[in-house]
Amino acid sequence: MPLTTAAYPAHERLAERAGTRACLRRSGWLKLYRTEAAFAGAALERTILAEHGVSLEIVDGAGLRDLEPALVRPYARAMLLPETAALSEPGALVEACERLFAETGGHYLRGAVTALVPEADGWRVAYAGGTLRARQVVVAAGAASAEILRPLGYRFAFAAERGYHRHYALHPDSPPLTRPVLDTGAGSIIAPMGEGRVRVLSGVELNARHAAPDHRQIEAAAREAAGTLRLGGPLDNQPWMGSRPSTPDGMPVIGRAPRHPGLILAFGHGHIGLSTGPITGQLVADLATGAEPAVPLAPFAPDRLLRRPRL
């Protein structure tokens, strides 16, 4: 869709400004199949990708060993999506963006929002450290957005998909992993993070956002990853957990709030929030300044997901 098509160029523009171009690599990513039967069973996916003009390459087992010598588990086939990109240091990008924001006159405050109140000339935002007032407010709080907006009467069809990851060192004798890989036999992803590190990511956990962590998925993913790469020990004391804000149609909410002037919404990006973050930021800036949006916003209109109030 246009949003994802515009995502990589927006990342490039941001990386140039933030000085993080080295973190952004367009090396593609691999979907791995352990057996020929598993590969054949995914034929419909390849057909759909081809129908939408997505570039892909099929790699056999021998070719995969040449392409990614770090993989020690044998795979029958792989599908390479060569046009995709990845960030080797997502945290470094976020920190660089915070510095850029401050250098261009922005003020960064950290604290949970406790109230969002419309006033005659704009908005009052109460947060853990104080109160702010502004003519316009952007709610881009991920899975917490629904809670912030509920007191204003907005009930969105919206869920939080929880996910986990943990970082591991590669064995000193292992070649580096050069692109993210999705092992379809394990249902998990391994991504290179630079400096001999990889990130192991689990699948989706459907649970309440504030429920206690359940590490069974990430522990299973780590066991499988140890058979795919020569892993060293974990580099984090505990796995990280986060909630992906997801919508029924798989598209984010981007646009002005239907009933409140000066309120801009930008959330619900599911699994591609980092990918589409820079282009979403540009769209929010377009809305706030009255510029023509860089991407048509009709498909992301907030009112498409609003639940009707009970009578």
Side-chain angles (χ1 to χ4, degrees), residues 1-12 24-64 67-68 71 73 75-87 157-163 165 177-192 201-206 217 221 224 228 244-254 267-280 283 294-301 304-305:
M1 62 180 176
L3 189 70
T4 51
T5 300
Y8 183 74
H11 261 286
E12 282 194 313
L24 185 62
R25 299 179 297 186
R26 200 167 195 177
S27 54
W29 70 285
L30 283 164
K31 200 164 188 177
L32 309 174
Y33 301 91
R34 297 185 182 187
T35 65
E36 291 289 350
F39 176 75
L44 178 60
E45 177 188 17
R46 296 189 292 276
T47 298
I48 294 172
L49 290 172
E51 288 176 351
H52 287 82
V54 178
S55 177
L56 62 90
E57 301 170 17
I58 305 304
V59 184
D60 63 17
L64 182 59
L67 189 64
E68 285 292 352
L71 300 176
R73 186 192 300 276
Y75 291 94
R77 300 267 186 147
M79 178 174 67
L80 173 65
L81 299 168
E83 296 179 345
T84 61
L87 284 164
F158 184 77
E161 299 181 28
R162 304 204 318 175
H165 73 237
L177 184 69
T178 63
R179 54 180 59 80
V181 297
L182 166 58
D183 184 346
T184 61
S188 58
I189 294 174
I190 309 172
L201 303 97
S202 71
V204 170
E205 178 194 64
L206 296 177
Q217 271 203 55
E224 293 290 339
T228 297
R244 307 177 182 102
S246 299
T247 63
D249 59 9
M251 295 193 296
V253 172
I254 306 174
F267 57 85
H269 294 70
H271 295 243
I272 58 171
L274 179 61
S275 301
T276 54
I279 185 59
T280 299
L283 293 171
V295 171
L297 292 179
F300 315 115
R304 80 185 196 279
L305 296 180

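Not measured: the values here are computed from a predicted model.
In this structure, Thr178 OG1 and Leu30 CG are separated by 7.5 Å, a value rounded to the nearest 0.5 Å. For the atom pair OG (Ser202) and CD1 (Ile189), the distance works out to 9.5 Å, reported to the nearest 0.5 Å. Distance CZ/Arg304 to OG1/Thr247: 5.5 Å, rounded to 0.5 Å. Here the NE2-CD1 distance, from His165 to Ile190, works out to 14.0 Å after rounding to the nearest 0.5 Å.
The shortest non-hydrogen separation linking Leu182 to Ser188 is CD1-O, 3.3 Å. In plain terms, the two heavy atoms of Pro278 and Ser275 that are nearest each other are CD-O, 4.0 Å. Here the closest non-hydrogen pair linking Gly268 and Phe158 is CA-CE1, 3.9 Å. Contact detail for Gly28 and Pro180: the closest heavy-atom pair is O-CD, 3.6 Å. Taking every heavy atom of both residues into account, Ala7 and Ile279 meet most closely at CA-CG2, 4.2 Å. Annotation for Thr5 and Pro9: closest pair O-CD, 3.6 Å, computed over non-hydrogen atoms.
Contact annotation: the side chain of Arg179 approaches that of Leu80 to within less than 4.5 Å [non-hydrogen atoms, C-beta and beyond]. At least one side-chain heavy atom of Ile254 sits under 4.5 Å from a side-chain heavy atom of Thr280. Two residues are said to be in side-chain contact when any heavy atoms from C-beta on lie closer than 4.5 Å; Leu81 and Leu49 meet this criterion. Contact check for Leu3 versus Pro299: no side-chain heavy atoms found under the 4.5 Å cut-off. A 4.5 Å side-chain heavy-atom check between Leu305 and Pro248 finds at least one atom pair inside the cut-off. Annotation: side chain of Arg73 is not in contact with side chain of Leu32 (no heavy-atom distance under 4.5 Å).
Arg244 contributes no side-chain N or O that, together with a main-chain N or O of Val204, makes up a donor-acceptor pair within less than 3.5 Å. When atom types are taken as modelled, the side chain of Thr84 and the backbone of Trp29 share a donor-acceptor pair closer than 3.5 angstrom. Looking at His269, its side chain never comes within 3.5 Å of a backbone N or O of Leu274 through a donor-acceptor pair. Remark: the backbone N or O of Gly203 is paired with a side-chain donor or acceptor of Gln217 at under 3.5 angstrom. No donor-acceptor pair closer than 3.5 Å links the side chain of Glu68 to the backbone N or O of Leu177.
Within the structure, side-chain hydrogen bond (donor to acceptor under 3.5 Å, both in side chains) pairs that include any residue of residues 40-52 comprise Lys31-Glu45 (at least two apart or interchain).
A salt bridge links Arg77 with Glu36: the distance from a Lys NZ or Arg NE/NH1/NH2 to an Asp or Glu carboxylate oxygen falls below 4.0 Å.
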- prompt: Would Val54 and Glu83 count as a side chain to side chain contact (heavy atoms under 4.5 Å, CB included) if you check the C-alpha gap in whole Å, the side-chain angles of each, and the deciding distance to 0.1 Å?
  reply: CA-CA 8 Å; Val54 178; Glu83 296 179 345; 5.6 Å; no
field: Derivation and outcome, side chain to side chain contact (heavy atoms under 4.5 Å, CB included), residues Thr184 and Phe39
entry: CA-CA 9 Å; Thr184 61; Phe39 176 75; over 6 Å; no
message: Leu283 vs Val295, test: side chain to side chain contact (heavy atoms under 4.5 Å, CB included). Steps then yes/no.
response: CA-CA 7 Å; Leu283 293 171; Val295 171; 4.0 Å; yes
Side-chain donor-acceptor pairs of residues 55-64 under 3.5 Å, sequence neighbours excluded:
| unit_1 | atom_1 | unit_2 | atom_2 | d |
| --- | --- | --- | --- | --- |
| Asp60 | OD1 | Ala62 | N | 3.3 |
| Asp60 | OD1 | Gly63 | N | 2.7 |

